[in-house]
Amino acid sequence: MAVSADYQVQFPESGDLYSILAAEGIEFLLSHSGEVPLEYIHGKTICLFFSANWCRPCKDFTPELVKVYENLQSRGEELEIIFVSFDHDMTLFYEHFWCMPWLAVPFNLSLHNKLRDKYRIARIPSLVPLYPDEISVAEDVIGLIEDYGPEAFPFTKKRKEKLKNIDASKRIGGQLEKLLTHESRKYVVSRTGSKVLVSELVGKTIGLYFGAHWCPPFQSFTSQLIDVYNELATTEKGSFEVILVSTDRDSREFNINMANMPWLAIPYEDRTRPDLCRIFNIKLIPALIIIGPEGKTVNTNAREMVSLYGSRSFPFTESRIVELKACLKKEGDSYQRKVKDKKHEHELKLDMAKAYVCDFCKKQGRFWAFTCDACDYDLHPTCVEEQEALLV
C-alpha cells in the first residue's frame, strides 16, 4: 500500500467509536502495562492510527509519529492515539504495537474491519482525528505531520491553512533571521565548526544551496559555485554569502560535504533544514535560492543563472538577467556572422555556447564562439582576431 493519509475532510466524533466497541463487547483498550478502561480517553482528542507490521511505509512513519506524540504529551496536550491493526495475526499485531507508546484496540479482525469500513480507510498508514462534524480535518494528516511534525496539531484544516500561510510569508521574505533561525539557534556554522550569527548576515545577498554529497549533479555544480563564490568574495567584497541546506542522508555525509566548501551551513541536526526544503518546495537537487539584501526572495532558480553566466549573474535578479542578455546581444552584434580562419579548413559560424574549450588558446570559453558545423572545432572570437592580425 502506498504512503498516504486519510483523505476525507470530516470525520464522525468519538461517540461512533464507542458504539462500535460496545457492539463488539469491547470494554477496554490495551497499553503496554495492561488493560485500560474506556473512561480513560474521555475528554481527550482521539486519533485512530491504522497501520500494520507488514507495511513498510507504516514502519517508516511510526517512529516519526512517536516523536510527535511524545512532544505533544510533554506539552500537556490532551491527545490519545489508538492503534488499529491491519495485521493478519496476533503475533504481528503485538510486534508492531511494541514500538508504540500509545493505546490499541484489542486484536479482533471483525472489529478492525468495522472500524476500517466506518472511517473509509483506503490505504495505510492513516491517522484519523475524531472531531465533531463542524470541525474540518486536514485532507492529508500523515503528510501534514511529515511536513510540520508536532506543529501540525490539532491536524485541522484551519491549522494547515495557518501553517501554509506562515510558510508563504517566510518564502516571500523580508526577515532573514525569521527564515533561518528559531528560539534555540541563532547561528549558522562554518566547515571548522565556528558559529556565525545570522544577524551578521542581514543586508547581504544570500544563496541557500540545497543538495547532498551523494548527488553527482550537486558535486559538479558545487565546483562551479565555489569559483563564483571566490570571485565574488573579491569583486563584491563580502556582500555575497552561501548557506548549505543539506539533504544528506546522515551527518557523516554532511561533514564530508562541508569539508570542501568555503561557505556556511545550517547545522545538520537542526529542524530548519527540512523546513526550508518545504518552504521553497525543493523537489530536485542541486537547487540555489537567492535571498536579496532586504531579506526577500529574488530568485528561485539561480542554479540555471549561475550555470549560464557565472559570477556575472550577481546579484542574481530578474533585472540582471535582462541586462546580461542585452549585453550579450550587443557583443554578438559586434562580431561577423561567419569567418574563415586560415588554421581551419572549414568556414566558422558565430554561435552561442554555454561553455567550450577554444581550439586555439586551449582555454575555457563561454557565450559567443565561432564553431564549425562539419567538425568539433571552436574558436573564441578574440582568438580569430589574433590569428587574422598575425597573418596579415
Side-chain angles (χ1 to χ4, degrees), residues 170-182 184-213 215 218-248 254-277 279-280 282 285-321 324:
K170 290 182 177 180
R171 183 169 55 251
I172 294 170
Q175 294 180 289
L176 187 67
E177 291 177 86
K178 187 176 181 180
L179 178 66
L180 300 182
T181 70
H182 50 75
S184 58
R185 182 191 54 79
K186 303 295 183 183
Y187 58 86
V188 287
V189 296
S190 71
R191 62 182 174 184
T192 62
S194 60
K195 299 176 181 179
V196 177
L197 290 174
V198 173
S199 59
E200 296 177 5
L201 303 177
V202 173
K204 295 187 177 186
T205 296
I206 305 294
L208 297 180
Y209 186 34
F210 297 81
H213 179 71
C215 173
F218 173 80
Q219 293 188 29
S220 177
F221 182 69
T222 295
S223 298
Q224 186 177 0
L225 186 57
I226 287 175
D227 290 340
V228 170
Y229 180 85
N230 289 335
E231 287 178 36
L232 292 177
T234 301
T235 60
E236 300 300 329
K237 302 187 184 304
S239 61
F240 176 58
E241 187 55 72
V242 174
I243 298 175
L244 174 68
V245 185
S246 169
T247 56
D248 287 303
F254 170 76
N255 290 332
I256 294 173
N257 228 349
M258 278 300 290
N260 300 314
M261 295 180 176
W263 45 68
L264 306 171
I266 300 291
Y268 183 78
E269 66 280 0
D270 196 274
R271 68 173 186 264
T272 302
R273 290 190 309 107
D275 286 350
L276 289 170
C277 290
I279 289 168
F280 290 104
I282 302 300
I285 56 172
L288 184 64
I289 307 291
I290 300 297
I291 310 298
E294 296 180 353
K296 296 182 180 296
T297 304
V298 298
N299 193 325
T300 57
N301 187 22
R303 172 193 175 186
E304 181 179 4
M305 193 173 181
V306 169
S307 295
L308 284 171
Y309 304 112
S311 61
R312 294 174 67 180
S313 304
F314 186 83
F316 314 103
T317 59
E318 291 297 323
S319 60
R320 181 57 179 160
I321 293 177
L324 287 170

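Start at 1 with the first residue, then count along the sequence.
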Counting N and O atoms only, with roles assigned by atom type, does the side chain of Arg191 sit under 3.5 Å from a partner on the main chain of Ala265, one being a donor and the other an acceptor?
no
May I ask you to decide if Gly238's main-chain N or O and Lys204's side chain share a donor-acceptor pair within less than 3.5 Å?
yes
Side-chain touch [X]/[Y], heavy atoms, less than 4.5 angstrom:
X	Y	answer
Ile243	Leu201	yes
Phe240	Pro315	no
Leu208	Leu179	yes
Lys186	Ser199	no

Rounded to the nearest 0.5 Å, what separation is found between the [atom1] atom of [X] and the [atom2] atom of [Y]?
X	Y	atom1	atom2	answer
Glu269	Ser246	CD	OG	11.0 Å
Ile206	Ser239	CD1	OG	9.5 Å
Leu288	Thr222	CG	OG1	10.0 Å
Cys215	Asp248	SG	CG	10.0 Å
His213	Asn255	NE2	CG	11.0 Å
Leu232	Thr205	CG	OG1	9.5 Å

For [X], check ring-ring contact (aromatic ring centres under 6.0 Å, His included) against everything at least two apart and list the hits.
X	value
Tyr268	Phe254
Phe210	none
Tyr209	Phe218, Phe221, Trp263
Phe280	none

Minimum heavy-atom separation for [X] to [Y], with atom names?
X	Y	result
Gly211	Asn257	O-ND2, 4.3 Å
Met258	Leu264	CE-C, 4.2 Å
Arg273	Val245	O-CG1, 3.8 Å

Partner set under side chain to side chain contact (heavy atoms under 4.5 Å, CB included) for [X], not counting sequence neighbours:
X	result
Val298	Ile290, Thr317
Thr272	His182, Arg185, Ile266, Asp270, Leu276
Asn230	Ile226, Pro262
Glu200	Val196, Leu197

NZ (Lys195) with more than 12 external heavy atoms under 6.0 Å:
no
Quick test of your reading: applying side chain to side chain donor-acceptor pair (under 3.5 Å), list the pairs with at least one residue in residues 292-303, sequence neighbours left out, ordered by first then second residue.
Asn301-Glu304
Assess the residue pair Ser313 and Arg320 against the criterion (side chain to side chain contact (heavy atoms under 4.5 Å, CB included)); give the C-alpha distance rounded to whole Å, side-chain angles, the decisive distance to 0.1 Å, and a yes or no.
CA-CA 7 Å; Ser313 304; Arg320 181 57 179 160; 5.6 Å; no
Go through the steps for Leu324 and Met305 under the test side chain to side chain contact (heavy atoms under 4.5 Å, CB included), then give the verdict.
CA-CA 10 Å; Leu324 287 170; Met305 193 173 181; 4.3 Å; yes
Run the numbers on Ile291 and Leu180 for side chain to side chain contact (heavy atoms under 4.5 Å, CB included), then give the verdict.
CA-CA 11 Å; Ile291 310 298; Leu180 300 182; over 6 Å; no
Any ring pair (Phe, Tyr, Trp, His ring centres under 6.0 Å) pairs touching residues 289-311, not counting sequence neighbours?
Tyr309-Phe367
Applying side chain to side chain donor-acceptor pair (under 3.5 Å), can you list everything that pairs with Thr235, at least two apart in sequence or on another chain?
none
Of all pairs that satisfy salt bridge (Lys or Arg N to Asp or Glu O under 4.0 Å), the ones with a partner from residues 230-245, not counting sequence neighbours
none
